[in-house]
Number of protein chains: 2
Amino acid sequence: MATKQRSGGGMSEQRRARLRLEISREAARLFWDQGVAATSGDQIAEAVDLSTRTIWRHFRSKESCAEPIIMQGVVTLLGVLRRWPRQSSLEDHLATELTGIRLGHEKPPVDLADEMLAMKMIRLADTEPALRTAWLMACDQVEREMCAIIGDRLDRPASDLQVRMHAASAAAVVRVLDEHIGTTVLAGDDLTEFHDVTALARRYAHAIRTATGGAVGDPIA
Amino acid sequence: MATKQRSGGGMSEQRRARLRLEISREAARLFWDQGVAATSGDQIAEAVDLSTRTIWRHFRSKESCAEPIIMQGVVTLLGVLRRWPRQSSLEDHLATELTGIRLGHEKPPVDLADEMLAMKMIRLADTEPALRTAWLMACDQVEREMCAIIGDRLDRPASDLQVRMHAASAAAVVRVLDEHIGTTVLAGDDLTEFHDVTALARRYAHAIRTATGGAVGDPIA
DNA sequence: AGGCAGTATGTCGCTAAGTGACATTGATCT
DNA sequence: AGATCAATGTCACTTAGCGACATACTGCCT
């Protein structure tokens with residue numbers, strides 16, 4: 001296969017992540033096409049041309065094969081939030097970042113096809129309890145990130161109870177919004193609702209602002 | 001065994017729930033004592049004196065055996081919220097309900113031992129991803145209930161996006177508070193923090209109020 | 001009381017999800 | 001080129017969980 005990097009021992013973290021994502025793509029496709037229960041570990045292995053044993057070396061269960069692709073669906077927002085400068089308002093920051101991405105000025109965060117796959121998995125999670133786990137785990141990850149970001153913004157430790165509650169609310173509304181967008185897109189409904197990027201930014205910002213009682217959103221003096 | 005009720009066909013829902021809870025108790029005990037991985041379905045079956053096959057008839061996985069006892073931990077709050085009259089503020093309602101329970105005037109909602117077991121499971125969920133699922137599922141249930149309650153209060157359908165976001169935030173802060181209380185209790189730390197029932201009520205109320213941007217909490221005019 | 005109907009449980013056997021142990025490849029360093 | 005070490009393959013094994021059939025229990029009817 002491709003290049004390993006010797007120094008540091010073992011497969012590079014990046015390469016490992018890429019492989020997991022590759023497996024995840026195929027797994028997600030199979031899950032969507034034929035259902036989770038009807039998809040076996042052997043099938044996933046065959047689809048990515050690896051031995052079944054290797055699949056279990058990279059994933060602890062077949063459902064967790066969907067995790068990387070689901071996680072891809074939230075890394076964009078997470079990255080954007082991590083770059084939020086203290087002196088900007090949430091609305092402004094989201095708007096500039098989103099337009100930058102939309103116009104292709106910023107680096108392309110994730111492939112559109114991957115985004116679609118992620119939406120499909122989240123959709124499947126509605127009926128497949130096994131997949132729901134993966135989705136909730138991803139949201140859990142978002143929440144932990146939020147703790148760091150919000151804690152930093154509020155000059156408090158990320159373990160602070162208030163910070164954790166704000167982070168939990170913020171992550172929760174983001175999740176609901178994502179689910180809403182996902183189901184709308186997959187249903188093929190009125191996509192116009194999301195075409196205006198600044199409006200979308202305002203929507204996310206307003207949701208987070210409300211969910212944190214106004215504690216998160218303003219620029220820091 | 002006890003009485004079935006014929007009309008409606010099958011075991012009564014109540015009886016089934018009681019049985020599931022009984023299994024859940026033993027499973028939780030085993031999980032806590034020896035870890036999830038080290039506990040087999042056979043052991044659970046033996047502990048409740050049932051065949052292993054019967055366990056799988058009532059639970060789709062061994063981890064889900066913990067669900068009923070975890071759910072017990074949140075039904076109290078859920079019941080309280082469901083009884084929230086429109087003309088009361090959240091603070092007042094929670095305070096009166098909690099003191100009523102504390103004083104024994106109201107019906108005892110769940111056994112204290114069960115509450116402890118629930119806390120232990122939530123604690124375990126921190127390190128055991130399989131159990132985390134059960135806990136997140138329970139929270140998911142809370143969120144759905146919240147949708148109904150909040151939707152009703154705001155005179156909007158439970159499926160309304162705004163309602164769902166409020167419900168998600170509210171459920172999220174309740175979860176964080178529950179986790180906080182659970183870890184504190186299990187650590188044997190400063191329990192005095194929770195002795196004042198009205199203060200506790202105010203705390204929950206304030207958290208929910210903040211998480212919903214003040215939309216939920218006031219009496220309805 | 002006694003037979004009938006229906007449901008819960010037990011028993012058996014199987015599929016497939018994961019794991020451990022050991023062999024094999026294949027790249028990198030000297 | 002040969003040594004080294006991580007990644008993968010191969011094979012045997014454990015066990016969660018389910019389908020199918022047999023059995024026991026419980027209520028209903030006459």
Side-chain angles (χ1 to χ4, degrees), chain A residues 1-24 26-28 30-31 34-68 128-131 133-134, chain B residues 1-24 26-28 30-31 34-68 128-131 133-134:
Chain A
M1 285 187 176
T3 62
K4 304 175 183 177
Q5 64 186 33
R6 222 51 191 337
S7 39
M11 189 184 253
S12 83
E13 214 44 54
Q14 220 188 21
R15 174 158 159 60
R16 180 181 173 85
R18 281 179 60 85
L19 177 56
R20 280 174 53 95
L21 187 60
E22 190 59 37
I23 296 173
S24 193
E26 290 307 310
L30 288 169
F31 287 163
Q34 42 180 332
V36 179
T39 303
S40 70
D42 289 338
Q43 281 181 52
I44 299 174
E46 196 183 5
V48 289
D49 195 39
L50 283 175
S51 105
T52 308
R53 185 63 182 89
T54 303
I55 301 295
W56 303 137
R57 281 211 181 83
H58 288 276
F59 294 96
R60 63 185 188 291
S61 70
K62 72 172 178 182
E63 300 84 28
S64 69
C65 287
E67 271 171 21
E128 300 269 0
L131 273 192
T133 302
Chain B
M1 285 188 178
T3 61
K4 304 175 183 179
Q5 64 186 31
R6 224 47 190 344
S7 37
M11 189 183 251
S12 84
E13 214 43 53
Q14 219 186 24
R15 175 162 159 54
R16 180 181 172 83
R18 282 179 59 85
L19 177 55
R20 281 175 52 95
L21 186 60
E22 190 59 37
I23 297 172
S24 193
E26 290 305 311
L30 288 169
F31 287 162
Q34 41 179 306
V36 179
T39 303
S40 71
D42 290 339
Q43 282 181 51
I44 299 174
E46 195 183 7
V48 288
D49 196 38
L50 283 176
S51 109
T52 309
R53 185 66 182 88
T54 303
I55 301 295
W56 304 135
R57 281 211 182 82
H58 288 276
F59 294 96
R60 64 186 189 292
S61 70
K62 71 175 178 182
E63 299 84 29
S64 69
C65 288
E67 271 171 23
E128 299 270 1
L131 272 191
T133 302

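What you see is a predicted model; the values in this text were computed from it and never measured. Chain letters run A, B, ... following the sequence lines, proteins first, then strands; residues in each count from 1.
Looking at residues two or more places apart in sequence or on another chain, you find a side-chain contact (heavy atoms from CB on, under 4.5 Å) between A:Ala27 and A:Phe31, A:Ile44, A:Cys65. When the salt bridge (charged side-chain N to carboxylate O under 4.0 Å, His left out) test is applied to B:Glu26, the partners found at least two apart in sequence or on another chain are B:Arg29. Every salt bridge (charged side-chain N to carboxylate O under 4.0 Å, His left out) that A:Arg60 has, sequence neighbours left out, goes to A:Glu67. Taking B:Ser40 as the reference, B:Asp42, B:Gln43 meet the side-chain contact (heavy atoms from CB on, under 4.5 Å) condition, with sequence neighbours excluded. Taking B:Ala130 as the reference, B:Glu63 meet the side-chain contact (heavy atoms from CB on, under 4.5 Å) condition, with sequence neighbours excluded. The salt bridge (charged side-chain N to carboxylate O under 4.0 Å, His left out) search around B:Glu46 returns none, not counting sequence neighbours. In terms of the side-chain contact (heavy atoms from CB on, under 4.5 Å) criterion, A:Arg18 has no residue partners (sequence neighbours excluded).
Helix bend of the helix from C:dA1-D:dT30 to C:dT30-D:dA1: the angle between its two end axes, each built from five pairs, comes to 10° after rounding to 10°.
Rounded to whole Å, atom C1' of D:dG27 lies 14 Å from atom CZ of B:Arg15. Rounded to whole angstrom, the span from the CG atom of A:Asp49 across to the C1' atom of D:dA7 amounts to 15 Å. Taking atom CD1 of B:Ile55 as the reference point, atom C1' of D:dG19 lies 18 Å away to the nearest angstrom.
Side chain of B:Leu19, nearest nucleotide from D:dG9, C:dG10, C:dT9: C:dT9.
Rounded to the nearest 0.5 angstrom, A:Arg20 CZ and A:Ile55 CD1 are separated by 11.0 Å.
Residue contacts shown for A:Thr54 are limited to sugar-phosphate atoms, with no base heavy atom under 4.0 Å away.
The side chain of A:His58 places no N or O atom within less than 4.0 Å of a non-bridging phosphate oxygen (OP1 or OP2) of D:dA7.
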When you compare the protein's N or O atoms with those of nucleotides 14-18 of chain D, which come within less than 3.5 Å of each other, and at what distance?
from: D:dG17; atom 1: OP2; to: B:Lys62; atom 2: N; distance (Å): 2.6

